[in-house]
Amino acid sequence: MVRFKEIWALVTTVVAGGAVAIGSLCLLYECVVTGSYPEDLTLGQGMALTFLFIGLSLVCAAYWAGVTSMGLVLMRWPMEALSFFRDKAPPHAVAYLAADFRVMWSFPIWVMAALAIIVSVLFDWSWQRLVIYSCIVVTQGFIGGMLLMIRRRRQFDDTGIHLSKLAVRHPEHNPQRLRKVTHMIFVFWAVAPFVFGQNQSGFVRAAFKVAQVRKDHAVVHLARPWDSRLSGAGLTQGESFLGPGYVRFDDVTVRMRGLGVRVVLEVPSGKPEPRFVSVPKQLIEIE
């Protein structure tokens, strides 16, 4: 029991430290982009770093599960087609044994693939991005099928059946080396969608949304005379329910809120890069 408590304490410490570290990196990235650092960050507001970590983890997990599930569904029959070449495979080859690819069409995989397709329809795809992500999907499905084949091979090796004869006839077959190669393939399978995908900064933006630190298409009520900074950017003013001392603006992107004593707003600048306005949080109300 004491040993379990020690392990649990170590795990919670590592997870908490990792959450703060990754959340801090997300915050640092956003500060570099916006050119504004949250001043007077309190301990309670620092909990947002943990929420950023949770948001980033959820977004990355959903993205990986989406592209991988679509790949598994797409590559099920191509992997089954490899059985036609199994007769030509040597006994030490991974493809020598028949693997069960039915899991690639299991119900949870189909559900995740369907959800991924529905979500992907909402994005504006260019031909370049479509080709890149199609390659990622196919690669994820092929690697997933390969891991199933390797798993079947390792299960056979663990039984010890004909292991001595196989080692004599095919000394190049090394179960220990196959185990190491499996680990490397699995790591590549886990990180490939993030390395080769485009717009990695989108994960940080999505994490900020999940953590409720960022809000798109927001309605803000800004105290005078700070409204001139948004009016000068071309945003349309409106009457605020807070009284004549405030001005209403619709469809505003709130890049950072709840951290420090200021709120960072994104406004158009007439250039590809937007302009950012930092406003004291006591002078702004966000619906």
Side-chain angles (χ1 to χ4, degrees), residues 16-60 63 122-124 194 198-287:
V20 174
I22 295 177
S24 300
L25 290 176
C26 292
L27 179 60
L28 179 61
Y29 172 83
E30 194 72 3
C31 292
V32 171
V33 173
T34 61
S36 176
Y37 185 82
E39 304 173 6
D40 298 332
L41 187 65
T42 63
L43 180 60
Q45 294 174 336
M47 287 295 296
L49 299 178
T50 302
F51 291 120
L52 285 176
F53 166 75
I54 296 174
L56 184 64
S57 300
L58 292 176
V59 170
C60 291
Y63 166 71
L122 304 177
F123 291 90
D124 185 18
F194 306 99
Q198 287 189 322
N199 195 19
Q200 287 84 355
S201 61
F203 295 111
V204 179
R205 292 198 298 268
F208 270 73
K209 290 182 183 179
V210 174
Q212 296 297 306
V213 178
R214 171 180 175 140
K215 185 175 184 180
D216 295 337
H217 309 292
V219 177
V220 301
H221 301 264
L222 194 58
R224 300 179 187 273
W226 288 84
D227 62 299
S228 60
R229 305 197 60 183
L230 299 190
S231 301
L235 298 181
T236 304
Q237 298 185 7
E239 184 178 352
S240 174
F241 65 85
L242 295 177
Y246 284 81
V247 179
R248 171 181 172 142
F249 294 93
D250 297 333
D251 197 19
V252 179
T253 300
V254 180
R255 288 294 295 258
M256 192 184 305
R257 64 173 178 173
L259 294 172
V261 297
R262 288 180 173 269
V263 176
V264 180
L265 306 177
E266 177 183 319
V267 297
S269 62
K271 300 179 180 179
E273 297 81 13
R275 185 163 59 93
F276 302 99
V277 176
S278 180
V279 181
K281 66 179 183 180
Q282 67 271 17
L283 300 179
I284 185 173
E285 182 70 24
I286 303 172
E287 292 188 25

Work out which heavy atom in Leu56 is nearest to a heavy atom in Ala207; give both atom names and the distance. N-CB, 3.5 Å

On a heavy-atom basis, which atom in Val279 and which in Ile284 lie closest, and how many Å separate them?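 Val279 and Ile284 have their closest heavy atoms at CG1-CB, 4.3 Å.
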
[X] vs [Y] side-chain heavy atoms within contact, under 4.5 Å:
X      : Y      : answer
Leu242 : Arg248 : no
Tyr246 : Arg224 : no
Val254 : Leu265 : yes

Qualifying residue, where the test is ring-ring contact (aromatic ring centres under 6.0 Å, His included) with Phe203 and the options are Phe53, Phe208, Phe194: Phe194

More than 12 non-hydrogen atoms from neighbouring residues, nucleotides or ligands closer than 6.0 Å to CD on Gln237, yes or no?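 Buried by this count: over 12 neighbours within 6.0 Å.
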
What do you reckon, is CZ of Phe241 surrounded by more than 12 foreign heavy atoms closer than 6.0 Å?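 Yes.
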
Within this structure, what is the [atom1]-[atom2] distance for the pair [X] and [Y], rounded to the nearest 0.5 Å?
X      : Y      : atom1 : atom2 : result
Thr253 : His217 : OG1   : NE2   : 6.5 Å
Leu52  : Arg214 : CG    : CZ    : 12.5 Å
Glu266 : Met256 : CD    : CE    : 11.5 Å

Whether the side chain of Arg257 engages the backbone of Gln212 through a donor-acceptor N/O pair (distance < 3.5 Å, no angle test) should be reported.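 Yes.
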
